[in-house]
**Q** 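Take a look at this one; I'll ask things after.
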Amino acid sequence: MLANIATKTVRDRWKGFAIGSAVIAVILWWGMIIYQDIDLSIYTSMPDVFLSMMNIPPDADVGSLAYGAVYASYGALTLAGLALSVGSSSVAGEERHGTLGLLLGNPKSRTAVLASKAAALVGLTALGALIMWIGALIVPPATGVSVEGMHPNALMLHIFAIALFFGSLAMAISAWTGKQTLATGVTVGAMIVSFIAAGLFPIIEGWEDLRKAVPWYYYDGSQPVFNGVDWGHLAVLGGGIALFWLVAYVGVNHRDLRERDVGTTILDRLRTNPLTRKVIDRLAGSARVSAIWIKTLSDHQALIVVTAYVMGLLAVMMGPLYGLMDEAVLQFAADLPETLVAMVGGADMSTAAGFYQAEIYSLMAPVAVMAVTIVVAAKGIAGEESARTMGLLLGNPVPRRRIILEKTVTMIVGATIVGGVTFVGTAIGNAIGNLDVSLGNIAAISVLVTALGIVFGALAMAISAATGRTKLVTYSTAGTAFVSYMVFAFLPLSEGLAGWAKASPFYYFLGSDPLNNGMPWGHLAALVAMFVALTVLAVMLYDRRDLRQSG
C-alpha cells in the first residue's frame, strides 16, 4: 500500500517536474549561447558583494556565468516551487478532495500514508534534479563552452537539498493544519523572503551575518558550483528536513482529519452580515447561479488573499531595506551598463524607483498576479469539466460564452486585488523609507503588472476553452510566460536580436520604465488589446468544442 500511494503520487506529478526541469536546461543552453556574444567585463568588474549575490566568480567565464545566473537562481526556485506544491497537497490536498478517507480505509496507518507522500516528494525532487543535472552535463559541450574547474554535481546536490527543504516545510504545515492554501502561502512567503534576504543582507552594512539565519544561505552561501559540496551547510538543511518530517508526523497523528474542504467562503460571510446580505443575495441570485463570477471568486479566495498578503509584505519591506544600503553599492549600481540593466527591465538600482522595479516589479509581482489569473482560468473551464460540474452550470439557461465572460470577470477581480495590494505595499514602503517615488508612477506600474497578468490569464482561458485539460493549461501558459520574460530580458543583450523583445508582453509592461516615466498609455492599450483578442478567441473556441465529461 505504501509503495502504491507513493507510485500514484509520482505518476500524477512527474510531468510537471520533468517539464519544469527541462525548461531550465533549455534556458541554460540559451544562456550559454547568448553569453558568448557579451563582453563579460560588465560582470567581472562588479564588486564582490554583487558577484556573490548573482553567483558569479570574479573571473567569470561563459560557463560559470550561465551556471550561476541560470541554474543557481531560476533552477533552484523552480525546483523548490515544484517540491512545495507536492508537499502542500500531501495531506491537506487529500482532505480537500475527500480522498484521504479512502486511503485510510485500507489497512494502513496515517503514518504509512505520510511516509508514502514523503517518499514521493523525495523521488519527484530527485527526478527534477536529475534532469537538470543531465542538462548541466550535456549543454556545455553542445555549445562549445568550457566548464573546467566547476562542480555541477555539487550545485545539483545543493539545489536538491533546498528544494526538498521547502517541500518538507509545506508538508509539515499541510499535515499539521490540513489547509493546502495555508501551506502553500506560508512556504512560498518563506522561500521568497529567504531568497531576498540572502541576496540583500550582504549589501547592507552591519547585516552581513544575518543572512546565516535564512535557509537560502545554506543552499548557495558557499557557492557550491565553484567550491564544491559544503557538507556543513547540507547538514543544516538536512536537519531542517528531518525536523519538518517530525512535525508532519506529530501533526497528522494528533488532529481530527477533515472529510472534505468545508471552509467558509467570502460569499457565505457576506450573506451572514446583515449589512451586506440583501446585496449579495441579489447578486448571487437563485439556484441557477445567476452570478457565477461571485461563486468563482469565493472558491479562489484563499489563493488571492495569501498571494496579495505576500506581495504586500514584500513591497513594504523594500522601502526601509533600500535606505540601509551602502552608498558605495548604490554608486556602483549607477554605473552598471545598459546590457546588464536590461535584465531587470531597465531598472537603475541606484535609485529607489529602480530598486523597487528590480526587486518587486520585474519578476515577483508578475509571477504573483499570473499565479492568480492562470489558476482561475485553468480551473474556471477545464477544472469545471474535470470535476464534472460544468454540466450543472450548462443545465441552467446559461450560454457558454457567459460562463467564459463571468470566469474572466473573476480573473480580473483577483488580479486587481493582488495588483492593488502591491501598490499599497509599495506606497507604504516608499513612505517609511522616505524614498520620494511618485505615487502616480507606482500606480502606473501596478496597473501595468495587473494588465500583464490578465493577458496571460486570458491566454490560459483560451487554452482552457480549447482543450479542457487543466494541467495542459497551467504548464503551457506558465511556460509561455517564462519564455516571454526571457525574450524580454535576454534578447536586448544581443544587438541583432534586441528588436524582437517587442514581441514579448513584458516589453509593454516594463519597456518604458513606468516607475520613472509614468503611464505609457500606448503600452497599456497594447496589453488591453491582447486581452480582448484572447478573450474573443476563448469564446469562439468554447462555443465550438465538444465538452469532456471527466478529467
Side-chain angles (χ1 to χ4, degrees), residues 20 24 27 49-56 67-85 87-88 125 128-129 132 155-156 158-170 184-204 207-225 230 233-234 236-237 240-241 306-307 309-318 321-322 324-325 343-344 347 349 355-368 370-371 422 425 429 482 485 489:
I24 294 298
I27 296 301
V49 66
F50 268 84
L51 296 176
S52 175
M53 185 177 176
M54 298 178 66
N55 295 289
I56 301 172
Y67 275 156
V70 177
Y71 260 35
S73 55
Y74 294 119
L77 288 171
T78 298
L79 191 58
L82 291 168
L84 73 86
S85 71
S88 64
T125 306
M132 290 174 60
L155 175 62
M156 291 315 309
H158 277 246
I159 289 178
F160 170 77
I162 192 65
L164 189 58
F165 178 91
F166 285 111
S168 300
L169 171 59
T184 301
V186 171
T187 308
V188 168
M191 183 174 70
I192 293 175
V193 170
S194 176
F195 174 73
I196 292 176
L200 287 182
F201 284 177
I203 63 177
I204 299 175
W207 288 39
E208 296 86 353
D209 290 338
L210 289 180
R211 63 176 180 159
K212 295 180 181 179
V214 299
W216 208 263
Y217 168 78
Y218 298 95
Y219 150 60
D220 74 346
S222 63
Q223 294 190 317
V225 72
D230 188 314
H233 285 192
L234 287 183
V236 173
L237 294 177
I241 293 168
V306 169
T307 304
Y309 168 76
V310 171
M311 284 310 305
L313 177 62
L314 290 174
V316 171
M317 288 172 54
M318 290 303 111
L321 282 176
Y322 175 81
L324 293 170
M325 290 177 63
M343 296 182 65
V344 287
M349 291 187 65
F355 181 76
Y356 256 109
Q357 179 171 312
E359 296 297 335
I360 295 295
Y361 286 100
S362 65
L363 189 58
M364 289 190 179
V367 168
M370 281 189 276
T422 304
F482 189 80
Y485 177 78

**Q** Can you tell me how far apart CG (D220) and CG (D230) are? Round to the nearest 0.5 Å.
**A**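 Reported value, rounded in 0.5 Å steps: 11.0 Å.
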**Q** The criterion is ring-ring contact (aromatic ring centres under 6.0 Å, His included); which residues satisfy it with F160, sequence neighbours excluded?
**A**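 Partners of F160 under the ring-ring contact (aromatic ring centres under 6.0 Å, His included) test: none.
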**Q** Identify the two heavy atoms, one from A72 and one from Y219, that lie closest to each other, and give their separation to 0.1 Å.
**A**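 Minimum heavy-atom separation between A72 and Y219: O-OH, 2.6 Å.
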**Q** Which heavy-atom pair separates F355 from M318 by the least distance, and what is that distance?
**A**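 So the minimum-distance heavy-atom pair works out to CE2-O, 3.6 Å.
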**Q** Are any of the side-chain heavy atoms of V193 and L314 separated by less than 4.5 Å?
**A**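 Yes - at least one pair of side-chain heavy atoms lies under 4.5 Å apart.
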**Q** What is the minimum heavy-atom distance between T422 and A315, and which atoms define it?
**A**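 Taking every non-hydrogen atom into account, O-CB, 3.9 Å.
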**Q** Tell me whether the rings of Y67 and Y71 are parallel (<30°), tilted (30 to 60°) or perpendicular (>60°).
**A**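 Answer is tilted, since the angle falls between 30° and 60°.
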**Q** List in chain and number order the residues that pass ring-ring contact (aromatic ring centres under 6.0 Å, His included) with Y217, two or more places apart in sequence or in another chain; answer none if no residue qualifies.
**A**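 ring-ring contact (aromatic ring centres under 6.0 Å, His included) list for Y217, sorted by chain: H233.
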**Q** Starting at CE of M191, measure out to CG of L77 and round the result to the nearest 0.5 Å.
**A**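 Taking CE in M191 and CG in L77, the distance rounds to 5.5 Å.
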**Q** For the atom pair CZ (R211) and CH2 (W216), what is the distance rounded to the nearest 0.5 Å?
**A**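 Going from CZ on R211 over to CH2 on W216, the span is 14.0 Å.
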**Q** Between S88 (side chain) and S85 (backbone), is there a donor-acceptor pair under 3.5 Å?
**A**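 Pair found, side chain donor or acceptor close to backbone of S85.
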**Q** Closest heavy-atom contact between S194 and V214?
**A**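 Distance-wise, the nearest heavy atoms are OG-CB, 3.7 Å.
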**Q** Is the shortest side-chain heavy-atom distance between V188 and F166 below 4.5 Å?
**A**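 They are not in side-chain contact.
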**Q** For L363, check side chain to side chain contact (heavy atoms under 4.5 Å, CB included) against everything at least two apart and list the hits.
**A**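 If we apply the side chain to side chain contact (heavy atoms under 4.5 Å, CB included) test to L363, skipping adjacent residues, the hits are Y74, V367, Y485.
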**Q** Working to the nearest 0.5 angstrom, can you tell me the gap between S168 OG and L237 CG?
**A**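 Rounded to the nearest 0.5 Å, the OG-CG separation comes out at 10.5 Å.
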**Q** What do you reckon, is CZ of F482 surrounded by more than 12 foreign heavy atoms closer than 6.0 Å?
**A**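 Enclosed: over 12 neighbouring heavy atoms sit under 6.0 Å from CZ of F482.
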**Q** Under 3.5 Å, is there a donor-acceptor pair between the side chain of H158 and the main chain of P224?
**A**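 No, the answer is negative, given that no donor and acceptor are paired below the 3.5 Å cut-off.
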**Q** Of all heavy-atom pairs between T125 and L164, which one has the smallest distance, and what is that distance?
**A**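 Shortest heavy-atom contact: CG2-N, 4.1 Å.
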**Q** Heavy atoms only: give me the nearest L79-G128 pair and the separation to one decimal.
**A**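 So the two residues come closest at CD1-CA, 3.9 Å.
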**Q** When rounded to the nearest 0.5 angstrom, what is the spacing between CG in L155 and CD in Q223?
**A**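 One finds 10.5 Å between CG of L155 and CD of Q223.
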